[in-house]
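Keep in mind that the numbers below use all heavy atoms, side chains included, and drop hydrogens, waters and symmetry copies. As the structure is a computational prediction, the values presented were derived from the model and not from experiment.
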Amino acid sequence: PDAVADGRMVDDEHGARHGTGVAASRVLVVDDDAPLGTVLAGLLRQGGFDADVVTSGEEALRRFDEAPYDAVLTDLRMPGADGLTVLDHA
C-alpha cells in the first residue's frame, strides 16, 4: 500500500483509504478569510490530520495556551496579530 504524506492513512490494493491506528497530527489553520480556512482544514482532514480553524491571530494565540499543535498553517497578513506573530508563539 502507498502511504499518504503524513504516514497515518494508507490506500489498500482497491484504492480504499484506511487509518493506521496512529494518532493524527494536530494542525491549526489561521486565516481571517473564514471560508478559505474551512476549505484548507477540510483538505487536511481528508489527508488524515486533526485540523482546527481560527479566524484571527489573537484566537490562535489563545489556542496555543489550551493545547499543543504539531503544525500551523497561517495567513501572514491579518488585522491585529499577524501570521509572523502567530508563528513566533507557536
CZ (Arg77) and CG (Asp33) are apart, to the nearest 0.5 Å, by 14.5 Å

Minimum heavy-atom distance Leu61-Ala81, with the two atoms named: CD1-CB, 4.3 Å

Working note: Asp32 + Asp75, criterion side-chain contact (heavy atoms from CB on, under 4.5 Å); need CA distance, chi angles, decisive distance, verdict. CA-CA 8 Å; Asp32 58 336; Asp75 184 354; 2.9 Å; yes

Of the non-hydrogen atoms in Leu44 and Ala51, which two are nearest, and what is the gap between them? CB-CB, 4.0 Å

Steps toward side-chain contact (heavy atoms from CB on, under 4.5 Å) verdict (Leu73, Leu28): CA-CA 6 Å; Leu73 179 62; Leu28 182 62; over 6 Å; no

Residues Asp31 and Met78: closest non-hydrogen pair is CA-SD, 4.1 Å

Are Arg63 and Asp52 within salt-bridge range, i.e. N to O under 4.0 Å? yes

For residues Leu40 and Phe49: do they belong to one hydrophobic cluster (side chain heavy atoms under 4.5 Å, members Ile, Leu, Val, Met, Phe, Trp, Tyr)? yes

Heavy atoms only: give me the nearest Gly37-Val53 pair and the separation to one decimal. O-CG2, 3.6 Å

Arg26/Asp70 ion pair, N-O < 4.0 Å: no

With a 4.5 Å cut-off on side-chain heavy-atom distances among I, L, V, M, F, W and Y, is there a chain of contacts connecting Val39 to Val29? no

Going through the distances and angles, do Val72 and Val27 end up as a side-chain contact (heavy atoms from CB on, under 4.5 Å)? CA-CA 6 Å; Val72 178; Val27 179; over 6 Å; no

Note: Val30 and Ser56 closest approach over all heavy atoms is CG1-O, 3.7 Å

For Thr85 and Asp88, does a side-chain donor sit closer than 3.5 Å to a side-chain acceptor? no

